[in-house]
There are 2 protein chains.
Amino acid sequence: MQKMCGQDNPKHQCHCQGTRMERFIQPCLLLLLHEKPTHGYELMESLKEFGFEDGGDPGLVYRNLRKLEEEGFVTSEWETEGTGPAKRLYSVTDTGIDLIHSWSAHIQSNINRLQYFLQRYRNSLGSQPKNEE
Amino acid sequence: MQKMCGQDNPKHQCHCQGTRMERFIQPCLLLLLHEKPTHGYELMESLKEFGFEDGGDPGLVYRNLRKLEEEGFVTSEWETEGTGPAKRLYSVTDTGIDLIHSWSAHIQSNINRLQYFLQRYRNSLGSQPKNEE
DNA sequence: ACATATATATGATTATAACATATATAGAAA
DNA sequence: TTTCTATATATGTTATAATCATATATATGT
């Protein structure tokens, strides 16, 4: 049996599996880092604003940051000052900024595709009653 | 080196990797089959309207159809009449229709997330000049 | 006879997310 | 002072899905 999406209402269990937005975490991280250079743990907190439940999986966040750094879109340095364990502070590079622009263009075209789908959905099914589960 | 997205203009090679819309082929197949029961090969042709280049990979299309059938969202039967090789004709079931509704709700919420991103992008970067590659 | 269009299917590889843990620092509470 | 929690980063493992490659077969056009 396939996994369910859960969506907004935890009681409603639909089967659409439309939960994942592939790679979407990447532009979110870049944009957040452009707004304010910071570290992974705080980024997780901010990711909630972009719809990532609980800020997303730590593994996903930290690995994405490392990969972005490998590829030159962000840079990092250790911050040992202050309380608690050391933080790895990230900031966006110039190519990172370019990447945000690229992503934004792409996200706009994704919106267009999704809206095309909804348009067509409404034309053929939108006004019909739904079978409640 | 990471893969590039290609986007609209084949000459423009951006690095956003935002090409895939995970699982999006599923609601498209279901909606097309609701509009008109048909077979995989023709579905590939129609998928172009939803932004799938060349109608998407045949492997992806046929495997998705089989999986949807396994799960009871579509049914199929062989069509041996007519010219050319036999076609497997698919149509949507009632639970398949429900699934389209679920997907649509989800797609709407994905649009909202993407638009939230773009809004925030415009606030912090939208008016600035882009470094052309 | 050979190429092409139609039609379905499957094997193998790669990319990504999800799930599970491990490690370490520091403050608060008991 | 022991224990709990929050902070902070990291990695191993598995599951899922897209991509790439290829195989098979029917029919038509040249």
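A, B, ... follow the sequence lines: proteins, then strands. Residue 1 opens every chain.
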Residues at least two apart in sequence or cross-chain that pass side chain to side chain contact (heavy atoms under 4.5 Å, CB included) with Q119(A), listed by chain then number, are R122(A), N123(A)
For E77(B), the side chain to side chain donor-acceptor pair (under 3.5 Å) test, sequence neighbours excluded, returns none
For nucleotides 6-13 of chain C, 5' to 3', base contacts (B), sugar-phosphate-only contacts (S) and non-contacts (-) with protein non-hydrogen atoms under 4.0 Å give BBBBBBB-
If each end axis of the helix from dA1(C)-dT30(D) to dA30(C)-dT1(D) is fitted on five C1' pair positions, the angle between them, to 10 degrees, is 0°
Sorted by chain and residue number, the side chain to side chain donor-acceptor pair (under 3.5 Å) partners of T75(B) (sequence neighbours excluded) come out as none
Side chain to side chain donor-acceptor pair (under 3.5 Å) filter on T93(B), not counting sequence neighbours, yields T95(B)
N/O to N/O distances under 3.5 Å, protein versus nucleotides 3-5 of chain D:
none

Check: residues 44-59 of chain A side-chain donor-acceptor pairs under 3.5 Å, at least two apart:
residue: E45(A); atom: OE1; partner: K48(A); partner atom: NZ; Å: 3.3
residue: E45(A); atom: OE2; partner: K48(A); partner atom: NZ; Å: 3.0
residue: S46(A); atom: OG; partner: E42(A); partner atom: O; Å: 3.3
residue: E49(A); atom: OE1; partner: R120(B); partner atom: NH1; Å: 2.5
residue: E49(A); atom: OE1; partner: R120(B); partner atom: NH2; Å: 3.0
residue: D57(A); atom: OD2; partner: G59(A); partner atom: N; Å: 2.8
residue: D57(A); atom: OD2; partner: L60(A); partner atom: N; Å: 3.1

- Indicate whether OP1 or OP2 belonging to dA15(C) is found under 4.0 Å from a side-chain N or O atom of K67(A). no
Across all chains, not counting sequence neighbours, the side chain to side chain donor-acceptor pair (under 3.5 Å) partners of N112(A) are Q108(A)
So the side chain to side chain donor-acceptor pair (under 3.5 Å) pairs with at least one residue in residues 83-92 of chain A (sequence neighbours excluded) are S76(A)-R88(A)
Notebook entry, point to check: Quick one: is dA15(C) close enough that its OP1 or OP2 comes under 4.0 Å of any side-chain N or O from R23(A)?
Noted result: no
